[in-house]
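Here's the structure, in structure tokens; my notes come after.
Throughout, residue positions are numbered sequentially from 1 according to the sequence presented. Here the structure is a predicted model, which means the values were calculated and not measured. Ligands are counted one by one from 1 in listed order, and the atoms in each one are counted from 1 as well.
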Amino acid sequence: MAEITPHTRLRPSPYYEATLAEGVTAFTPYNQMLIPMGYGDPEAEYRRLTEGVSMWDVGGERQIQLHGPDAAELAQILCPRDLSTAKQGQGKYVALCDHRGTIINDPIILKLDDDRFWLSIADSDVGMWARCVAAERGLKVEVTEPDVSPLAVQGPSAEDVVAKIFGDDIRDLRFFWFRDAEVDGIPLKVARSGWSKQGGFELYLMDGARGVDLWNIVKEAGQPWGIGPGYPTPSERIENGLLSWGGDTDQNTNPFEVRLGRFVDLNVPDDVIGIEALRQVAAQGPTRHQLGVVLDGDHPQPGHDRWHDITADGVSVGSMTNGTWSYKLERNIGFGLISAWCQVGDRVEVHKGDQVVGARLTDIPFQREDG
Ligand code: THG
């Protein structure tokens with residue numbers, strides 16, 4: 001593949017120099033930043049994540065801050081999930097939708113205070129959206145992008161590493177909750193969250209000048225557990241069913257099609273953007289759904305990371321949105337976004353250019369037996 005040329009539009013994260021020193025071999029653009037996507041040994045990086053502990057520069061997961069007397073109102077208008085019960089220090093996963101009920105981002109919303117929220121965003125311009133909605137609805141709220149950059153510590157040993165840095169109290173932190181912390185004069189928030197199902201934490205660095213310092217503190221603390229650099233890992237996240245907004249969604253995807261219905265509350269107020277459309281989809285049932293795809297063949301095949309057509313008995317039924325070699329199943333697997341009448345167990349064909357690969361539909365998350 002050709003190089004991606006550096007440009008002043010592509011901002012480095014505060015951890016950029018540290019990731020170069022670790023020997024990063026690949027980046028992907030995300031919110032006009034660069035997120036590392038490899039350090040040269042994908043299998044070792046997968047094993048570190050699933051059996052030990054891995055640290056990731058996810059500074060591209062930007063925070064959009066809503067601050068002011070109407071911040072809570074704006075947060076609820078943007079999010080078709082009931083936020084009225086959210087507590088200070090709690091995060092919630094949200095399918096942000098437009099007026100058609102189409103997902104336009106899937107952030108974690110963090111409630112810092114009654115008048116201050118962060119939307120920890122996926123790869124689309126939620127700042128622009130939030131500023132527009134706030135102005136159109138005449139709300140008293142300031143929408144900014146503060147100097148905050150998450151560093152993820154993920155894997156079964158992540159808790160031991162984070163407890164060594166911040167003290168054993170951090171072990172009491174509940175899933176998706178966060179608290180203020182400090183190490184070596186570096187201000188941050190520590191959350192129990194992260195884009196893997198291996199357990200772990202995210203350190204929301206609040207001083208961009210201290211990124212390399214924080215990286216080195218975590219690296220040093222993690223030595224006894226064999227910590228090493230990693231990244232949001234396609235194999236692990238697809239095996240376990242985590243959605244990549246924009247990768248697994250298109251211009252018409254609603255939450256019910258991609259297993260996010262459980263994060264939608266249909267009884268939120270009528271002025272929540274998209275809720276009317278979502279009530280209709282919920283009543284009628286979605287026309288597409290997301291199922292697992294297990295491809296025939298037991299050797300890694302490249303080129304799954306794009307939308308491939310899926311047919312059933314020659315009839316077009318949808319697409320495989322992302323695929324990868326699964327170390328757990330020892331098969332090539334992917335997500336299918338396909339007609340609702342396709343069911344688990346069905347045989348289908350995946351079209352990769354001129355190549356046609358047979359496949360079977362499964363539940364998500366994938367089970368080892370599915371291989
Ligand atoms: N961490 C932070 N910001 C982020 C991400 C993150 N912004 C972009 C992207 N990731 C947002 N998307 C997701 C998708 C899934 C989850 C978190 C963020 C996730 N989901 C669990 C699940 O679906 O099983 C749990 C959800 C729940 O039960 O509430 O963790 O990773 N800071």
Side-chain angles (χ1 to χ4, degrees), residues 13 15 28-33 35-37 49 54-65 78-83 85-87 89-97 103-112 117-127 145-146 148-155 158 162 173-179 188-206 230-234 236-249 253 255-265 290 321-322 335 363-366:
S13 96
Y15 313 110
T28 190
Y30 200 83
N31 287 320
Q32 290 141 47
M33 294 182 71
I35 285 190
M37 283 302 288
L49 168 62
S54 175
M55 56 190 291
W56 311 349
D57 168 5
V58 285
E61 292 169 353
R62 304 307 300 164
Q63 308 308 302
I64 304 303
Q65 176 170 283
L78 295 173
C79 299
R81 180 172 181 178
D82 183 11
L83 301 180
T85 56
K87 303 279 191 303
Q90 190 176 15
K92 282 181 185 278
Y93 180 43
V94 172
L96 220 69
C97 289
I103 315 175
I104 57 168
N105 200 290
D106 67 334
I108 296 170
I109 186 161
L110 295 90
K111 180 172 179 174
L112 288 90
F117 294 78
W118 286 350
L119 291 157
S120 184
I121 61 172
D123 186 19
S124 69
D125 198 340
V126 173
E145 186 188 308
V148 179
S149 307
L151 176 68
V153 186
Q154 300 287 298
V162 171
L173 201 58
R174 283 186 282 159
F175 187 50
F176 266 45
W177 287 65
F178 62 94
R179 62 172 71 150
L188 34 88
K189 296 191 190 295
V190 180
R192 191 187 284 275
S193 56
W195 209 55
S196 84
K197 286 297 221 178
Q198 303 309 308
F201 292 78
E202 292 180 301
L203 315 181
Y204 287 76
L205 166 69
M206 294 166 68
Y231 54 98
T233 310
E236 193 276 343
R237 75 101 183 165
I238 293 176
E239 287 168 357
N240 294 304
L242 291 175
L243 185 79
S244 172
W245 180 85
D248 299 316
T249 59
T253 308
F256 300 100
E257 292 177 324
V258 286
R259 301 174 300 108
L260 299 190
R262 68 197 162 105
F263 302 115
V264 173
D265 292 311
Q290 191 184 41
T321 61
N322 255 298
F335 288 151
D363 275 324
I364 302 171
F366 291 83

For salt bridge (charged side-chain N to carboxylate O under 4.0 Å, His left out), just list the numbers for R259 and D248, CA-CA rounded to whole Å, side-chain angles, deciding distance to a tenth of an Å, and then say yes or no.
CA-CA 11 Å; R259 301 174 300 108; D248 299 316; over 6 Å; no
For atom CD of Q32, is the number of surrounding heavy atoms from other residues, nucleotides or ligands below 6.0 Å larger than 12?
no
Looking only at atom types and distance, does a side-chain atom of W195 sit under 3.5 Å from a main-chain N or O of L242, one as donor and one as acceptor?
no
Donor-acceptor contact present, side-chain Q154 to main-chain F201, <3.5 Å:
yes
Sorted by chain and residue number, the side chain to side chain donor-acceptor pair (under 3.5 Å) partners of D106 (sequence neighbours excluded) come out as Y93
Pocket residues around ligand 1 (non-hydrogen, under 4.0 Å) come out as Y30, E61, Y93, D106, I108, S120, I121, A122, F175, F176, G194, W195, K197, E202, Y204, L242, R262, F263
Taking the side chain as C-beta and beyond, is there a heavy-atom pair between C79 and L96 under 4.5 Å?
yes
